[in-house]
Structures are given as C-alpha cells and as structure tokens.
Number of protein chains: 2
Amino acid sequence: MEFDVGARLRAIREMHGLSQRELAKRAGVSNASVSLIEQNRSSPSVGSLKKVLDGIPMSLADFFSMEQAPREQVFFRAEDLTVISDGAIRYAQVGRDPEARALQILHEQYQPGADTGQNMLRHAAEEGGVVLRGRLEVTVGDQRRILGPGDAYYFNSRLPHRFRTVGEEICEVVSACTPPSF
Amino acid sequence: MEFDVGARLRAIREMHGLSQRELAKRAGVSNASVSLIEQNRSSPSVGSLKKVLDGIPMSLADFFSMEQAPREQVFFRAEDLTVISDGAIRYAQVGRDPEARALQILHEQYQPGADTGQNMLRHAAEEGGVVLRGRLEVTVGDQRRILGPGDAYYFNSRLPHRFRTVGEEICEVVSACTPPSF
DNA sequence: TAAACCTGTTGAATATATTGAACAGGTAAG
DNA sequence: CTTACCTGTTCAATATATTCAACAGGTTTA
C-alpha cells in the first residue's frame, strides 16, 4: 500500500486555502521545504512533518488515516449486515470491507453455552461493547466479570481475553473494535 | 499533543518479539538506525519510518493512531456509564476519558422528536452504529434513510451528518466513533 | 575457561533533508 | 509601461539522518 505524502499534503493545504509560504510561516519551516515535500523530492522527517501539520493544524494520525472521497455505502438494513461466523456465535458486521475501515462494528448473538474458547484471544487493537440481552462472562487478563443488559466493557485487545455466555438465555451484544480484527 | 516516536516504535517492536537487528534486516535498514530512532536521537523520514514499519508489518496510519498505554478499568455496570448529555438525547459513554482512548462507544437514547439539529455535524473521524429500538432518520451528505431495529450505519464523520427520531417511540442506539468526538 | 552468538549502543563517514536566496510566471494598481 | 506583491520552483550551502564498523555486556556451548 503506497502512501503519497506529497499529494496528501498538497491536497490538505489547498483544502485549507493556504499557500506554501503561508503554511511554511505558520509551521516555522521554509517554503522550499514545503515545495519539495509536495513534489516528493524530499521525504520529511516525522519531526518536520509534524511541524508542518501543526501549522494547519492536523494530527499525524489524521494525516495518515486517509479519507477516500468516493461515495461509500452508509446505510445497512438489518438483513444485509454481513454475517461473519454462524456457529454458536453469530457476528453481524456493519460494512463489507473491514480492512478499508477504521472501525469494526458487530451485532453479536451468543447461543446459550457459547464460548470464544480456552485459548485466549490477543490482537493489537482496542475494543468495547454494550450488552443488550442475556448474561455474558467477560475475561480480560486476570479480571473476570459477568455482565447483564446495559452493562459494558472496554479494554486493550493485547490483553488476553475471552467471552462466554452464562445461563440459558441468548446473549446479544453490540461491539466495536479499532482497528478491525478480522 | 506529543507523540513519542521512539517509545512507540520500541513498544511495537517488543510486542512483536523482534530484536532491533531482526527488524532492521526485515525492513532493509541498519540496526543503528532503529536504535537511534528508538532513543529519539534521530527523527526518521517518513520514507524510512515506512520501511521500518513494513518489516513488522504495520501501516503508518496504525502507527500514529493506535493507543499506547494499557487501560485499567475494563468493566462498566449499566448505572456507571458516564452520561454525557441528558436533554432529548442521552449519551451513556463506556469509559470516562475519551481523549485517552481510541474508541468512543455510546449507548444512546433519543426521546420522541429528538434531533441533533439543522447545522450538520462534522469532525475528522469514522463512526457507525446499530439501532436497537424505535426509528431513526440518519442524514449523511446528500443521503438520507430511516433505520429501524437491527439496521445500521457507517460513514466518515467529515461528511456533514444529522440524527433525528421519527414516530412516537423512544429510539435506542449503540454507536462507536474513532477517534472520540467529544 | 573461553569462544561463539546474541543483545543494544556509539563514532566517524556518507547520504539525505532543509535552508536562504534567487528565479520565473501571474495579477493588480499606479 | 513600471512597481509591487503574490504564486510555486530551483540552486548551492548547511544541518541532519543513516550507514558501517567497532564496542560493551549477557547467555549459551564446549
């Protein structure tokens, strides 16, 4: 995946109605620097890129999380959520292409006895969710808790974690994860 | 907002169980370079930072947007979700410190007739949600749709957007936004 | 007891980014 | 027309990042 720093900087600068010199002045760098970066004739250090972006202002994170313009699908009827796994746990995903999005939102349904398994999950992300119905046992690191309707959780996905239903009721959850984990 | 490139790179590298030399080899740079970057004794060009991250692999966007420190509180009882606004629209937020998190998860309740207002919202983020109950009119850019229970939405928050209930039923939504918008 | 192989760090040479000043073109006012 | 002030680009000088090779410490193998 290529990332065109120059083109992106130019687009952002123009979108904010700034000239190279004006931006350079606000950022405390030379106009030549801005020009060369925009032409991709130099690859700025993250330090100087940060200085330039401070003149806009925009965070490095926003700069690199590219917003693609084309009209994307915004609305999803309940029946056309993408069902990802359909065993004891059913994940209905909002949107089709998780790798292109910052956020993975799932409407989850656990059958009674459903369990993500003994070997704990781990991935580089953050996730959280709200329980709508039923009772869910959530284990994160060395912490464990049983959550009911309206209760919620939030943790760093690097910590080993596990979900398991308790009781005989179907359990329903809406969860979110950034970046998407599958 | 400070961003500690060195510390972040070191944390990520160690999390992936790589030595400086191993990462340097995969990335096609010198181990000295990795060492100096991690000590913040040099500020890498985005080109070389990208090369280094390719050796992990990880995108620039992920590098700059992901959270660094693990979080302490994981579980939230329904009654200790943080209620953010309590007029016609009630936002119950999972977690207390949105600016320290990658993800803002809200359990929202709209009273009949509730509306986020004529002046459309805009912010640099991505957001989505699932409707649990009631009917919600969602406007994004030039698109508009009425969603019911189980329906969902997802869009880039830079597009002007607005939420409005229709009908006499209370409307309930679980939404997520990255990065948090308030 | 090395000797061999890791780890991360450092110094001097080299490649690259950044600067300040000059350049070329466009527009507006006198 | 000239003068002034924009725009973005380019050149040579300089500051900075990156490399190669050596160093110091730790762990394993013989």
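Reminder, nothing fancy here: chain letters follow the sequence lines and each chain counts from 1. The model shown is predicted, which means the values in this text are computed figures rather than measured ones.
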J.: If I take atom CG in residue A:Asn40 and atom C1' in nucleotide C:dA17, what distance separates them, rounded to the nearest angstrom?
T.: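 Taking atom C1' of C:dA17 as the reference, CG of A:Asn40 is at 14 Å.
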
J.: Rounding to a whole Å, what distance do you find between B:Ile37:CD1 and D:dT16:C1'?
T.: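 So the two atoms are 13 Å apart, to the nearest Å.
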
J.: Separation of B:Lys50 atom NZ from D:dT18 atom P, in whole Å?
T.: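 One finds 15 Å between P of D:dT18 and NZ of B:Lys50, rounded.
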
J.: May I ask you to say what A:Glu38 touches in the nucleic acid, namely base, sugar-phosphate or nothing, with a heavy-atom cut-off under 4.0 Å?
T.: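 Nothing, no heavy atom under 4.0 Å.
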
J.: For a quick test of reading the model: is some side-chain N or O of B:Gln20 closer than 4.0 Å to OP1 or OP2 of C:dT7?
T.: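 For C:dT7, neither OP1 nor OP2 has a side-chain N or O of B:Gln20 closer than 4.0 Å.
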
J.: If you check the B:Pro44 side chain, which of C:dA17, D:dT18, C:dT9 turns out closest?
T.: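 That would be D:dT18.
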
J.: Please determine whether a side-chain nitrogen or oxygen atom of B:Ser33 lies at a distance below 4.0 Å from atom OP1 or OP2 of D:dA17.
T.: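 For D:dA17, OP1/OP2 do not have a side-chain N/O of B:Ser33 under 4.0 Å.
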
J.: Given C:dT18, is OP1 or OP2 found less than 4.0 Å from the side-chain N or O atoms of A:Ser48?
T.: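 Result: yes.
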
J.: Between A:Val52 and A:Leu60, is there shared hydrophobic-cluster membership here, with clusters defined by ILVMFWY side-chain heavy atoms closer than 4.5 Å?
T.: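 Both belong to a single hydrophobic cluster.
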
J.: Classify B:Val34 by what it touches in the nucleic acid, base, sugar-phosphate, or nothing, heavy-atom distance under 4.0 Å.
T.: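 If one applies the 4.0 Å heavy-atom cut-off, B:Val34 turns out to touch nothing in the nucleic acid.
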
J.: How would you label the contact of B:Arg41 with the nucleic acid (heavy atoms, under 4.0 Å): base, sugar-phosphate, or nothing?
T.: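 Counting heavy atoms under 4.0 Å across all strands, the contact made by B:Arg41 is with sugar-phosphate only.
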
J.: Is it possible for you to say whether A:Leu9 and A:Leu36 belong to one hydrophobic cluster, with membership spreading through side-chain heavy-atom contacts below 4.5 Å?
T.: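 No, separate clusters.
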
J.: Where the side chain of B:Ser42 is defined as all heavy atoms beyond and including C-beta, which of C:dT10, D:dT9, D:dT18 is the nearest nucleotide?
T.: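 Among C:dT10, D:dT9, D:dT18, the one nearest the side chain of B:Ser42 is D:dT18.
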
J.: Measure from CG on B:Leu23 to P on C:dC6 and round the result to the nearest Å.
T.: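 Roughly 17 Å, once rounded to whole Å.
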
J.: If you look at every heavy atom in B:Gly113 and B:Thr165, which pair is closest and at what distance?
T.: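 Looking at all heavy atoms of both residues, the closest pair is N-OG1, 2.8 Å.
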
J.: Rounded off to whole Å, could you give me the CG-to-P distance for the A:Leu49 and D:dT16 pair?
T.: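 It works out to 18 Å between those atoms.
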
J.: With a cut-off of less than 4.0 Å, is there a side-chain N or O of A:Ser35 near OP1 or OP2 of D:dT9?
T.: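 For D:dT9, OP1 or OP2 has a side-chain N or O of A:Ser35 closer than 4.0 Å.
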
J.: In whole angstroms, how far is the P atom of C:dC6 from the CD atom of B:Glu22?
T.: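 My rounded result for the distance is 10 Å.
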
J.: Return the nearest nucleotide to the side chain of A:Leu36; candidates are C:dT18, D:dT7, D:dT18.
T.: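 So the side chain of A:Leu36 is nearest to C:dT18.
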
J.: Just to confirm, is there a sub-4.0 Å distance from OP1 or OP2 of C:dT9 to any side-chain nitrogen or oxygen of B:Arg10?
T.: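 Yes, because at least one side-chain N or O of B:Arg10 sits under 4.0 Å from OP1 or OP2 of C:dT9.
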
J.: Before you tell me yes or no, could you show the steps for A:Arg90 and A:His107 under side chain to side chain contact (heavy atoms under 4.5 Å, CB included), namely the whole-Å CA-CA distance, both residues' side-chain angles and the distance that decides it to 0.1 Å?
T.: CA-CA 8 Å; A:Arg90 175 195 154 98; A:His107 192 170; over 6 Å; no

J.: What's the CZ-C1' distance between B:Arg21 and C:dC6, to the nearest Å?
T.: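 Computing the B:Arg21:CZ to C:dC6:C1' distance gives 8 Å.
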
J.: D:dG8, OP1 or OP2 - any side-chain N/O from A:Arg13 closer than 4.0 Å?
T.: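 For D:dG8, OP1/OP2 do have a side-chain N/O of A:Arg13 under 4.0 Å.
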
J.: Which whole-number value in Å describes the distance from B:Lys51 NZ to C:dA15 C1'?
T.: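 So the NZ-C1' distance, B:Lys51 to C:dA15, works out to 12 Å.
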
J.: Apply side chain to side chain contact (heavy atoms under 4.5 Å, CB included) to the pair B:Gln20 and B:Arg13, showing each step before the final yes or no.
T.: CA-CA 8 Å; B:Gln20 289 182 345; B:Arg13 177 177 60 77; 3.6 Å; yes

J.: Considering heavy-atom distances to DNA chain D, does B:Ala32 or B:Ser43 have its closest nucleotide positioned more toward the 5' end?
T.: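 So the residue in question is B:Ser43.
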
J.: Shared ILVMFWY cluster between A:Phe63 and B:Leu49, side chains joined below 4.5 angstrom?
T.: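 Yes; tracing contacts between hydrophobic side chains, which count when under 4.5 Å, links both residues.
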
